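The structure presented is a predicted model; accordingly, all values stated were derived computationally and were not measured.
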Amino acid sequence: MRPALAVGLVFAGCCSNVIFLELLARKHPGCGNIVTFAQFLFIAVEGFLFEADLGRKPPAIPIRYYAIMVTMFFTVSVVNNYALNLNIAMPLHMIFRSGSLIANMILGIIILKKRYSIFKYTSIALVSVGIFICTFMSAKQVTSQSSLSENDGFQAFVWWLLGIGALTFALLMSARMGIFQETLYKQFGKHSKEALFYNHALPLPGFIFLASDIYDHAVLFNKSELYEIPGIGVTLPIMWFYLLMNIITQYVCIRGVFILTTECTSLTVTLVVTLRKFVSLIFSILYFQNPFTLWHWLGTLFVFIGTLMYTEVWNNLGTTKSEPQKDNKKN
């Protein structure tokens with residue numbers, strides 16, 4: 001029952017979270033900082049009340065290690081959200097972030113001295129080719145859509161390149177954070193709920209440096225059209241409603257993934273998260289009518305096939321199916 005609930009929470013929470021994020025970004029592309037701040041504040045307050053027991057529960061992992069992890073996590077979150085302000089369309093944003101396997105493998109080889117099978121190297125090559133195709137075709141769209149003048153087209157392309165650079169940096173930083181978490185959990189044990197709280201609570205003072213941008217977007221949100229919440233009758237600016245729903249769905253998504261990691265194997269978690277990304281991508285293309293060519297579909301197919309190959313889904317499914325047959329033979 002709990003695994004089924006977790007899968008439902010992941011799909012409902014994460015998919016709807018992407019929808020509300022795109023609604024926010026389409027109206028105000030530079031609203032990434034206020035979205036990140038709101039998400040961090042909500043999860044930090046919830047964690048302070050229920051995980052940290054109002055500060056009375058000491059952390060299992062020393063704070064100095066969390067400080068390092070938090071610096072990386074804060075940077076990744078801010079850079080990923082800010083990339084939407086740099087001519088990065090939401091579908092490309094989702095596809096690019098699906099390339100975390102590449103970054104994890106590269107840093108795993110460099111830092112942890114890991115070695116992988118030819119099958120895994122092939123899967124990573126597929127993911128890399130898929131991301132390259134999508135990125136290249138998006139670059140052509142950026143330059144072709146800026147038809148006002150040659151100078152405007154070049155400027156739009158430069159901003160897009162900065163966005164790709166930001167996503168690449170965030171991808172590598174996220175992979176480095178994952179390796180750091182892996183070494184911490186080996187040393188101190190897994191404390192995912194505690195890590196979730198400290199990763200969101202400790203960075204809050206850092207938003208002081210982004211206060212002016214957050215305030216400016218709060219003012220813009222206040223000026224948006226009024227919206228009456230169905231069933232409640234409460235009226236508020238629609239951008240605040242989108243932000244509120246984004247926060248709630250983000251929390252549902254995180255809780256779903258947390259339950260999934262405690263109830264299922266890592267293979268199942270990877271499969272569910274990968275399928276969730278695919279559903280979010282399809283919805284973003286169809287509902288928001290984002291430009292998506294046949295080449296984009298080919299690149300997306302490469303990314304998802306490569307991801308499934310990396311997790312060795314077919315081998316594991318084959319093993320699962322053969323187990324009952326072996327048992328029958330023994331009987």
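The six-membered or imidazole ring of F74 lies near that of F207, with a centre-to-centre distance under 6.0 Å. Aromatic ring centres of H200 and F73 lie closer together than 6.0 Å.
Note that CD1 of I109 is 10.0 Å distant from NZ of K114, once rounded to the nearest 0.5 Å. To the nearest 0.5 angstrom, N81 atom CG is 10.0 Å from L24 atom CG. Annotation: the span from S77 atom OG to Q39 atom CD amounts to 8.0 Å, rounded to 0.5 Å. Rounding to the nearest 0.5 angstrom, the gap separating the CG atom in L167 from the CG atom in L171 is 8.0 Å. One distance of note links CZ of F20 with CE of M239; it measures 12.0 Å at 0.5 Å rounding. We find the OG-NE2 distance between S280 and H93 to be 12.5 Å, quoted to the nearest 0.5 Å.
Partners of N33 according to the side-chain hydrogen bond (donor to acceptor under 3.5 Å, both in side chains) rule, which considers only residues two or more places apart in sequence or in another chain, are D213. Residues satisfying the side-chain hydrogen bond (donor to acceptor under 3.5 Å, both in side chains) test with Y65, not counting sequence neighbours, are none. A search for side-chain hydrogen bond (donor to acceptor under 3.5 Å, both in side chains) contacts involving Y251 returns E46, not counting sequence neighbours.
Under the 4.5 Å side-chain heavy-atom criterion for ILVMFWY residues, no single connected hydrophobic cluster contains both F209 and L202. F302 and W295 end up in the same hydrophobic cluster when Ile, Leu, Val, Met, Phe, Trp and Tyr side chains are linked at under 4.5 Å. Residues Y82 and V35 are members of separate hydrophobic clusters, defined by side-chain heavy-atom contacts under 4.5 angstrom among Ile, Leu, Val, Met, Phe, Trp and Tyr. Hydrophobic clustering (ILVMFWY, side-chain heavy atoms < 4.5 Å, transitive): I232 and M245 are in one cluster. L41 and F48 fall within a single hydrophobic cluster, where Ile, Leu, Val, Met, Phe, Trp and Tyr side chains are chained together by heavy-atom contacts under 4.5 Å.
Looking at E194, its side chain does come within 3.5 Å of a backbone N or O of I61 through a donor-acceptor pair.
With hydrogens and angles left out, the side-chain atoms of W240 and N222 include a donor and acceptor closer than 3.5 Å.
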